Every structure is written in C-alpha cells, then in structure tokens.
Amino acid sequence: MTSINADSISSTAEIQQRSAAIETKEAISFSRLRAILIGSAGNLVEWFDFYCYAAFSLYFANSFFPAQDTTAQMMSTAGIFALGFFIRPVGGVLFGYVGDRYGRRTALMASVLLMCFGSLLIACAPTYAMIGIWSPLLLLLARMIQGLSLGGEYGASATYLSEMADSKHRGFYASFQYVTLIGGQLLALLLLLALQHYFLTAEALREWGWRIPFVVGAGLALLALRMRHDLPETQSFQAARTKKAKLGGLRQLARYPKEVMLVIGLTMGGTLAFYVYTTYMQKFLRLSVGLTDAQTTAVSAGSLIFAMCLQPLYGALSDKIGRRPLLVGFAALGTLLTVPLLTAIRHADGPWEAFFLIACAWMIVSGYTSINALVKAEMFPVEIRTTGVGVPYAFAVSIFGGTAEYIALWFKSLALESGFYWYATAVISCTLLVCWSMRDTGKTSQINLDNTQTTET
C-alpha cells in the first residue's frame with residue numbers, strides 16, 4: 001500500500017513538473033513572439049516616416065524647388081533622397097556602438113525618437129516661395145536626420161529580431177523585418193491613395209496636403225517609442241555584458257574584414273534591386289510607362305502587398321533548405337532577367353500588366369530581402385553584431401540604394417533609360433559572385449555559437 005502511494009506521489013510530481021515545463025516554454029514563446037512583433041511594429045513606423053518622402057515627392061517637389069520641368073524636379077527631390085542615404089553609415093556607427101555597448105533596446109528607442117524629429121521638421125518646413133534657398137536646405141537637414149536614424153535602425157532591428165528568434169524558425173521570424181520595412185512604404189502609399197481618392201484634390205495635396213503624412217509619422221514614432229520602452233533585452237546581449245566582453249566600436253569591427261566585405265557585396269545588388277522596385281518604380285510608372293497618378297499608386301501598393309506576403313514564405317523556406325540557395329537564386333535570376341523585366345514594364349499595356357511584371361520581379365528580389373538581415377547577423381559575434389550588420393550595410397546602401405532613383409532619372413534625362421537597366425544588371429552580377437562563393441550562414445551561425453557558449457557557461 002505504501003509502495004502504491006509512493007508511486008502515485010512520484011507520478012503526480014512528474015506530471016506537475018512536465019506541466020510546469022510546458023507552461024514555462026509557452027511563456028517564453030509568447031514573450032519572444034511579443035518582442036518580435038513590437039520590434040517589427042517599430043521598424044514599420046521608422047520606414048513609414050522615411051518612405052513618406054518618396055511617396056509624396058510628386059506633390060511637394062514644386063514647393064521646395066523653383067519652377068522646372070517635372071523630370072528636373074524629380075531629380076532634385078531624388079538627389080536629396082540620395083544625400084539622406086550618405087549619412088546612414090554615420091548612423092550605423094553611432095547606433096551600432098550604442099546597441100553593442102548599451103543594449104539593442106536602447107538603440108531602437110533612440111533611433112525612432114530621432115526619426116520623429118526629422119518628420120516633424122519636414123511637416124513644418126516653409127516653402128521656397130516663403131524663404132528661398134533655405135527651404136530645400138531645411139528639407140536636406142530633415143532628410144539627413146532621418147537618414148541618421150535609419151542608419152541605426154537597420155542594424156539594431158536586424159540584430160534584435162535575429163537574437164530573439166529561436167534557431168529552428170529564425171529565417172521565418174527575421175523575415176518580418178522586411179515585412180514591416182515594405183509595410184512602411186505600403187502604409188505611406190495607402191495614405192496617399194486615401195488622400196487622393198477620398199479627402200483632398202490634387203491641388204490641395206500640392207499646396208498643403210503633402211504635410212499630413214509627416215505629421216502622422218511623427219505621432220506614430222512617439223507611439224513606437226512607448227512600445228519599445230517595454231521591450232526585453234536579448235539574452236545574447238545580457239550574457240555578453242555579464243562576461244564583460246569588449247563591446248562595440250570600429251576597432252572591434254576591423255577584426256572582421258572578410259565579413260564586412262561580404263555584407264557590402266551582398267547588399268550592393270540586393271539594395272539596388274529593392275529600391276528599383278520600390279521608390280523608383282513609382283516614378284517609373286508615372287513618367288515612363290505613362291500611368292495616371294491613381295494608377296501608379298494602386299499598382300505600387302498592390303505589388304508591395306504581394307511582396308510582403310512573400311517575405312515570411314521565403315524566410316520559412318530558408319529554415320528548411322538554407323540561406324545560400326535563396327541568395328544565389330536571387331542574384332542569378334536578377335542578373336539574367338533585370339533587363340527583360342524592366343523593358344517589359346516600360347512597354348506595359350496598362351496597370352494590370354505592369355502589376356504582373358512587377359510581381360514577377362518581386363519573386364526574384366524576395367530571395368534577398370527575406371533573409372539578408374539575418375544572414376548578416378549570423379556572420380558576427382554578439383559583441384560586435386549591431387555594428388557589423390549596420391555599418392557595412394549602410395555604406396553599401398548609401399552608394400547603391402540611395403542613388404538608384406537619381407541614376408535612373410539621370411539616364412532618362414539623357415534619353416538613355418535602358419542604360420540604367422544594364423547598370424542594375426552589372427551590380428547584381430557582382431552580388432552573384434559573392435553569393436556563389438560564401439558559406440551558408442544557417443549552418444555556421446554565430447548566433448547559435450554564442451547561445452551554445454552561453455549555455456555551457
């Protein structure tokens with residue numbers, strides 16, 4: 001009888017232990033998912049603020065620049081768009097240091113606060129008719145502030161999402177960085193579409209309505225700041241700080257020249273392709289294809305929704321087959337098909353054909369966008385991860401991404417629009433060489449190595 005009772009008590013204790021373990025596991029999973037969603041939401045707000053400039057530039061170009069032809073005005077706004085990118089490496093260095101030294105959460109909060117200030121500055125900026133040359137200079141200052149913020153956001157959010165995700169689903173969860181990145185641009189376009197169709201006339205948008213999205217963006221940034229304040233710090237960073245390892249800084253980054261060059265090589269073709277089918281595509285559809293303002297916005301929004309849906313699918317696929325096959329697929333198909341696709345879009349017969357062709361392009365580009373941030377995070381150890389992801393990425397984006405729209409419009413101004421197609425192909429082909437020669441980071445992940453060392457310790 002005593003033996004039966006003892007067995008019963010032992011069995012009950014085992015059940016309770018298992019239940020407690022399951023509850024703990026579920027609590028950890030919920031906490032991880034919540035942190036990833038909040039981190040992603042803040043990323044969406046940052047990119048919404050940044051992309052409002054590109055989405056509404058058709059309407060505010062004449063407010064900041066003297067009367068010129070439409071292409072010249074677009075080149076002026078695109079030039080400031082590009083200059084805003086050149087400050088991003090500084091943001092990568094600054095916020096990379098903050099993220100590696102003081103925590104990922106601190107860097108995320110600081111970057112969104114800075115974005116709020118930049119958006120407010122654009123919203124309140126006087127026009128050229130009011131203060132002359134100071135108007136575009138003020139616009140440039142605001143864009144550089146936003147570029148500084150975004151230069152830090154990419155590395156901090158990529159590192160945070162990658163470290164918070166579990167190893168079996170890291171590709172899937174990390175893909176939400178580009179879901180929200182694309183979502184930011186989509187939200188900007190949807191706001192433009194709503195203003196165009198339901199609230200304001202084209203004249204009102206050009207006179208004052210273009211200020212609305214920047215006010216909205218500043219408000220959303222304050223909301224994101226509040227949400228990020230409650231984020232937990234990643235275990236990887238906490239463990240590194242406990243070990244009192246030397247954290248962050250360019251001197252530390254200099255110890256990883258191969259990884260830095262890999263990030264630059266991966267980014268140059270991928271970011272150029274991304275900006276071709278996002279920021280530049282809106283101008284391309286309007287100025288080259290000849291769609292109306294409403295058709296341009298609708299096609300751009302529809303293609304971005306399609307692109308958003310692809311990101312987690314490709315991310316989950318990378319968890320099954322590895323990161324390298326997706327990157328090689330993007331670079332190889334991008335090298336072969338960029339010229340045919342852009343040529344076909346240029347001669348598209350209406351908005352539906354244009355949408356279908358852009359959707360085909362996104363099926364290629366998503367091989368890069370869905371996992372590129374994760375791949376970069378998996379290259380660097382925890383003590384230098386935010387800087388390692390953010391700085392070389394920002395450097396490559398400033399050269400190849402931020403200038404994409406300006407170079408495309410420059411080719412158009414020379415009546416050599418197809419020259420840009422070949423330029424994009426050449427850059428993507430360089431990325432193909434990098435992707436072909438690199439190891440699969442899913443199998444050699446520094447994040448897994450850090451976590452293993454932490455567990456052993």
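We number each residue from 1, following the sequence as shown. None of the values given here were measured: they were computed from a predicted structure.
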Checklist line | Salt-bridge contact Glu153-Arg228 (side-chain N to carboxylate O under 4.0 Å) | finding: yes
Notebook entry, point to check: Could you give the distance from CG (Leu266) to CE (Met261), rounded to the nearest 0.5 Å?
Noted result: 11.0 Å
Check: Parallel, tilted or perpendicular for Tyr280 and Phe284, by the 30°/60° rule?
Finding: tilted
Next item on the list: Hey, can you tell me if Phe330 and Tyr368 have their rings parallel, tilted or perpendicular (30° and 60° cut-offs)?
Entry: tilted
Note to self: Can you pull out every side chain to side chain donor-acceptor pair (under 3.5 Å) where at least one residue sits in residues 422-434? Sequence neighbours excluded, please.
What the structure shows: none
Check: With no hydrogens and no angle check, is any side-chain donor or acceptor of Thr267 less than 3.5 Å from a backbone partner on Ile264?
Finding: no
Notebook entry, point to check: Which word best sums up how the rings of Trp210 and Phe214 line up, parallel for under 30°, tilted for 30 to 60°, or perpendicular for over 60°?
Noted result: perpendicular
Margin query: In the structure I gave you, are the side-chain heavy atoms of Ile145 and Ile87 within less than 4.5 Å of one another anywhere?
Written below: no
Would you list the atom pairs, donor with acceptor, under 3.5 Å between side chains in residues 307-320 and any protein atom, with sequence neighbours excluded?
| unit_1 | atom_1 | unit_2 | atom_2 | d |
| --- | --- | --- | --- | --- |
| Gln311 | OE1 | Thr369 | OG1 | 2.7 |
| Gln311 | OE1 | Ser370 | N | 3.1 |
| Gln311 | NE2 | Ala307 | O | 2.9 |
| Gln311 | NE2 | Ser366 | OG | 3.0 |
| Gln311 | NE2 | Thr369 | OG1 | 3.4 |
| Tyr314 | OH | Met363 | O | 2.7 |
| Ser318 | OG | Gly315 | O | 2.6 |
| Ser318 | OG | Arg323 | NH1 | 3.0 |
| Asp319 | OD1 | Gly171 | N | 2.8 |
| Asp319 | OD1 | Arg323 | NH1 | 3.1 |
| Asp319 | OD2 | Gly171 | N | 3.4 |
| Asp319 | OD2 | Phe172 | N | 3.0 |

Notebook entry, point to check: Using the ring of each side chain (for Trp, its six-membered ring), is Phe355 parallel, tilted or perpendicular to Trp352, with breaks at 30° and 60°?
Noted result: perpendicular
Next item on the list: State which residue, out of Ile358, Ile182, Val299, fulfils the side chain to side chain contact (heavy atoms under 4.5 Å, CB included) condition with Leu304.
Entry: Ile182
Notebook entry, point to check: Rounded to the nearest 0.5 Å, what separation is found between the CE atom of Met438 and the CG atom of Leu327?
Noted result: 6.0 Å
